[in-house]
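Report on one structure; see the data block that follows.
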Amino acid sequence: MPPPPPQSPLPRAFFDGRAEHVAPLLIGRVIEHRTPQGAVAVRITEVEAYEGQGEDPAAHSYRGRTPRNAATFGPPGHAYVYFTYGMHHCLNLVCRPEGTASAVLLRAGEVVAGVEQARARRGAAAAARPDRELARGPARLAQALGLDLRHNGLDVCDPDGPLRVLPGEPAPSDRVVAGPRTGISTAAELPWRFHLSGDATVSPYRRHTPRRRAGTPRPGGTS
DNA sequence: GCTGCGATTGTCT
DNA sequence: GACAATCGCAGCA
């Protein structure tokens with residue numbers, strides 16, 4: 001069987017809208033990262049929308065532009081990669097015109113090409129795990145794709161670029177479910193998390209768990 | 001300059 | 001279910 005014809009990336013206009021509107025349209029699309037070691041492609045099954053400055057308290061850009069979040073203020077169709085918890089990277093896709101901060105966090109997906117490469121990147125933790133968990137969770141997805149801060153700001157609409165978002169097969173709207181966002185401390189109630197209903201690669205929902213400071217006694221909860 | 005904490009995950013109980 | 005790991009960023013003095 002001959003290989004399928006190469007797909008062109010999604011046009012920049014696709015990303016030129018509010019994150020909450022672009023986000024559900026990304027379900028079923030494919031993000032591909034090509035490196036000298038080979039290509040890894042992930043079919044997106046779960047995303048979260050983050051709106052811009054002053055609007056969304058959970059967004060990195062809520063308090064305005066900083067060196068870290070500068071990419072989200074840039075033109076649409078670019079990657080915003082950030083580093084968190086001292087060890088994890090997460091990938092966003094920038095929406096809305098330059099000067100307006102807005103982004104979609106890619107939370108989970110299914111590795112559809114380059115499974116061995118993705119598994120190798122995920123390391124020992126993934127050794128005994130099924131393929132469906134290779135990109136289940138935002139940090140795992142970024143790791144499976146081999147992304148870090150060096151990829152911050154890449155144009156995902158560039159047909160010749162290493163990181164591209166391909167059309168894939170958009171999920172039918174009746175299979176895309178909206179719900180509250182995961183693992184954030186503020187504005188988690190906004191229904192800006194979208195996932196493919198019933199898909200095994202969607203990450204489990206977790207509420208934000210405030211961390212205890214060293215020396216702080218455990219809150220004596222009589223539940 | 002100092003301090004607190006995070007759009008998380010893996011491991012242990 | 002609970003918690004440690006680990007470091008850059010943001011807020012404040």
Side-chain angles (χ1 to χ4, degrees), chain A residues 18-20 22-24 26 31 42 44-73 79-95 101-109 118-119 121-130 132-153 178-195 201-223:
Chain A
R18 287 178 62 84
E20 61 176 303
V22 175
L26 281 167
I31 183 158
V42 172
I44 300 165
T45 59
E46 180 186 355
V47 298
E48 277 177 7
Y50 288 86
E51 267 307 330
Q53 193 171 4
E55 180 175 347
D56 178 1
H60 287 173
S61 54
Y62 180 63
R63 297 170 194 276
R65 186 178 186 133
T66 68
R68 177 167 78 144
N69 67 27
T72 69
F73 288 85
Y80 165 47
V81 181
Y82 69 89
F83 182 62
T84 191
Y85 288 96
M87 62 193 97
H88 297 305
H89 296 276
C90 297
L91 169 66
N92 296 249
L93 299 176
V94 176
C95 300
S102 182
V104 176
L105 170 70
L106 304 191
R107 287 197 55 87
R119 183 172 285 282
R121 285 175 176 148
R122 292 275 295 112
R129 298 285 180 174
R132 66 175 179 274
E133 294 191 12
L134 288 175
R136 190 184 193 216
R140 291 169 174 175
L141 184 148
Q143 189 178 21
L145 285 169
L147 299 175
D148 57 39
L149 291 179
R150 292 172 298 178
H151 304 95
N152 187 33
R181 292 182 293 187
T182 302
I184 56 177
S185 52
T186 56
E189 70 284 358
L190 287 171
W192 285 358
R193 171 176 179 250
F194 303 89
H195 69 272
T201 65
V202 172
S203 65
Y205 177 79
R206 298 188 194 187
R207 288 185 64 165
H208 174 72
T209 53
R211 70 189 243 155
R212 288 194 298 126
R213 285 184 301 182
T216 301
R218 198 156 51 91
T222 57
S223 80

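Lettering follows sequence order; numbering is per chain, from 1.
Look at NE2 on A:H89: it is 11 Å from C1' on C:dG8, rounded to the nearest Å. The CZ atom of A:R207 sits 12 Å away from the P atom of C:dG1 (whole-angstrom rounding). Regarding A:F194, its CZ atom lies at a distance of 19 Å from the P atom of B:dA7, rounded to whole Å. The nearest whole Å value for the distance from the OH atom in A:Y205 to the P atom in B:dA7 is 14 Å. We find that CG of A:N69 is positioned 13 Å from C1' of B:dA7, with the value rounded to whole Å.
Atom CZ of A:R193 sits about 14.0 Å away from atom CG of A:L190, to the nearest 0.5 Å. Atom CD of A:E46 is separated from atom CZ of A:F194 by 11.5 Å, given to the nearest 0.5 angstrom.
Between A:F83 and A:H89, the angle of the ring planes lies from 30° to 60°, which puts this pair in the tilted group.
Across the P atoms, B:dC5 and C:dC3 are found 16 Å apart, a figure rounded to whole Å.
Under the side-chain contact (heavy atoms from CB on, under 4.5 Å) rule, A:Y80 has a single partner from A:V104, A:N69, A:L91, A:L105, which is A:N69. For the side-chain contact (heavy atoms from CB on, under 4.5 Å) with A:P138, the qualifying choice from A:R107, A:H88, A:Q143 is A:R107, the only one to do so.
Residues A:E20 and A:D56 are not in side-chain contact: their nearest non-hydrogen atoms beyond the backbone lie 4.5 Å or more apart.
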Report summary line: Its contact letters, B for base, S for sugar-phosphate only and - for none at protein heavy atoms under 4.0 Å, make nucleotides 8-13 of chain B read BBS---
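Nearest heavy-atom pair across A:Y50 and A:A19 is O-CB, 3.8 Å. In this structure, A:L141 and A:G109 approach most closely via the heavy-atom pair CD1-N, 3.8 Å.
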Query raised in the report: For DNA chain C, what dot-bracket results from Watson-Crick or G-U pairs at under 3.5 Å, with [ ] for crossers and | for inter-strand partners?
Result: |||||.||||||.
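In terms of phosphate contacts, A:R63 brings a side-chain nitrogen or oxygen within less than 4.0 Å of OP1 or OP2 of C:dG11.
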